[in-house]
Q: 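Got a structure for you, written out below as structure tokens; questions coming shortly.
Values in this document were obtained by computation on a predicted structure and should not be read as measured data.
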Amino acid sequence: MRYVFTGKNMSVTEGIKERATRKLGRLEKFLPEGAEVYITFSESKHLTKMEVSVPMHKRILRAEVSDEDVSSCIDQAIDILERQVVKYKSRLRDRQRRSVATSDELTFIDKQEASDTDKEITITRTKKFALKPMDAQEAVMEMELLHHNFYVFRNSWSDEVNVVYRRNDGEYGLIEPQ
């Protein structure tokens, strides 16, 4: 795994890097070979905030934790990421099992379980941001700078809200409203 450390309003010491690398090593067996882990530490007043992003195939694992102690932030972030990995792996396993089932009864049961899990989805965080007028190329550059898979912007030519996104083949896509 490759680790990319960033510090905002603080310097990331070798001790912090070593501890985070050692703790994140526990996740190495679950992640694809050559995965990149983006770790950002920021400090404001008396709190340290740690953000960890791990881009995976068709998914991003992300943890954001604030605490007074850096080592506590690292431990909490690892716990969050482990839960996300276990959930992701179990979904993959369930999907494989469902594809093997051929009987109508089993398929009905699987669909019912899937609809039950859909009811459990809750929105835990809402972000608001200003839509900047720009063209699609500028939006792709912003998306790459943020290390995101998509970026929402206001198209300067049409004055419509558009989305650029990274496709599975590494190219980029643009979503425009009709």
Side-chain angles (χ1 to χ4, degrees), residues 1-14 16-17 19-21 23-25 27-28 30-67 70 73-74 76-85 87-89 91-92 95 118 121-178:
M1 283 196 314
R2 186 173 151 250
Y3 300 96
V4 179
F5 289 93
T6 308
K8 295 180 182 176
N9 298 331
M10 68 179 285
S11 62
V12 182
T13 65
E14 288 301 317
I16 293 173
K17 287 181 182 180
R19 179 172 170 81
T21 303
K23 290 286 189 169
L24 285 167
L27 299 175
E28 193 166 345
F30 298 114
L31 301 176
E33 207 170 301
E36 292 186 347
V37 180
Y38 299 96
I39 305 164
T40 304
F41 290 97
S42 60
E43 194 169 62
S44 62
K45 297 186 182 179
H46 64 281
L47 287 178
T48 301
K49 182 178 178 182
M50 178 182 181
E51 298 176 28
V52 182
S53 297
V54 184
M56 290 177 55
H57 179 69
K58 297 184 181 182
R59 185 155 186 89
I60 290 185
L61 301 178
R62 191 166 191 290
E64 186 174 325
V65 180
S66 295
D67 204 331
V70 174
C73 283
I74 294 171
Q76 290 175 24
I78 296 303
D79 291 340
I80 291 170
L81 289 172
E82 281 181 338
R83 284 192 302 262
Q84 288 179 2
V85 166
K87 186 175 181 180
Y88 177 67
K89 293 290 183 179
R91 282 185 179 173
L92 286 177
R95 194 173 294 151
D118 290 345
I121 295 174
T122 58
I123 297 174
T124 58
R125 185 172 178 187
T126 302
K127 283 190 173 184
K128 294 183 180 184
F129 56 94
L131 293 176
K132 301 175 187 174
M134 60 179 70
D135 63 7
Q137 277 73 23
E138 288 176 294
V140 169
M141 290 185 345
E142 287 285 327
M143 177 181 71
E144 290 298 323
L145 286 172
L146 295 171
H147 299 288
H148 287 200
N149 286 337
F150 69 94
Y151 190 78
V152 180
F153 68 102
R154 182 173 300 280
N155 194 325
S156 58
W157 296 99
S158 63
D159 204 34
E160 296 281 340
V161 176
N162 292 175
V163 177
V164 290
Y165 63 96
R166 186 178 303 111
R167 295 169 41 96
N168 292 336
D169 61 3
E171 298 293 321
Y172 299 100
L174 175 67
I175 299 174
E176 296 178 316
Q178 287 187 343

Q: Can you give me every donor-acceptor pair (side chain of residues 42-53, partner residue at least two apart or in another chain, under 3.5 Å) with its distance?
A:
from	atom 1	to	atom 2	distance (Å)
Lys49	NZ	Glu64	OE2	3.1
Glu51	OE1	Arg62	NH2	3.1

Q: For Asp67, check side chain to side chain contact (heavy atoms under 4.5 Å, CB included) against everything at least two apart and list the hits.
A: Ser72, Cys73, Gln76
Q: Would you compute the distance between atom OG1 of Thr6 and atom OH of Tyr38 and round it to the nearest 0.5 angstrom?
A: 9.5 Å
Q: How far apart are the closest heavy atoms of Phe153 and Ala139, and which atoms are they?
A: CD2-CB, 3.4 Å
Q: Starting at CD1 of Ile60, measure out to NE2 of His148 and round the result to the nearest 0.5 Å.
A: 7.0 Å
Q: When rounded to the nearest 0.5 angstrom, what is the spacing between CD1 in Ile16 and OG1 in Thr13?
A: 3.5 Å
Q: Decide side chain to side chain contact (heavy atoms under 4.5 Å, CB included) for Thr124 and Thr122; before the verdict, give the C-alpha distance in whole Å, the side-chain angles of both, and the deciding distance to 0.1 Å.
A: CA-CA 6 Å; Thr124 58; Thr122 58; 4.0 Å; yes
Q: Can Glu82 and Leu27 be said to form a side chain to side chain contact (heavy atoms under 4.5 Å, CB included), step by step?
A: CA-CA 7 Å; Glu82 281 181 338; Leu27 299 175; 3.4 Å; yes
Q: Report the residues that fulfil salt bridge (charged side-chain N to carboxylate O under 4.0 Å, His left out) with Glu138, sequence neighbours left out, ordered by chain and then residue number.
A: none
Q: With a 4.5 Å heavy-atom cut-off, do Leu24 and Ile39 have their side chains touching?
A: yes
Q: Where is the tightest heavy-atom contact between Ser156 and Asp135, given as atom of each residue plus distance?
A: OG-N, 3.8 Å
Q: Which distance, rounded to the nearest 0.5 Å, do you find between the CZ of Arg125 and the NZ of Lys127?
A: 4.5 Å
Q: Tell me which donor-acceptor pairs under 3.5 Å the side chains of residues 171-178 have, and how far apart each pair is, sequence neighbours excluded?
A:
from	atom 1	to	atom 2	distance (Å)
Tyr172	OH	Glu144	OE2	2.8

Q: Run the side-chain hydrogen bond (donor to acceptor under 3.5 Å, both in side chains) test against Tyr151 and tell me which residues pass, sequence neighbours left out.
A: none
Q: Check the pair Val4, Val37 against side chain to side chain contact (heavy atoms under 4.5 Å, CB included), reporting the backbone distance first and the verdict last.
A: CA-CA 6 Å; Val4 179; Val37 180; over 6 Å; no
Q: How many angstroms lie between atom CG of Asp79 and atom CD1 of Ile74, to the nearest 0.5 angstrom?
A: 12.0 Å
Q: Going from CZ on Arg83 to CD1 on Ile78, what distance comes out if it is rounded to the nearest 0.5 angstrom?
A: 11.5 Å
Q: Lys23: what forms a salt bridge (charged side-chain N to carboxylate O under 4.0 Å, His left out) with it, not counting sequence neighbours?
A: Asp75
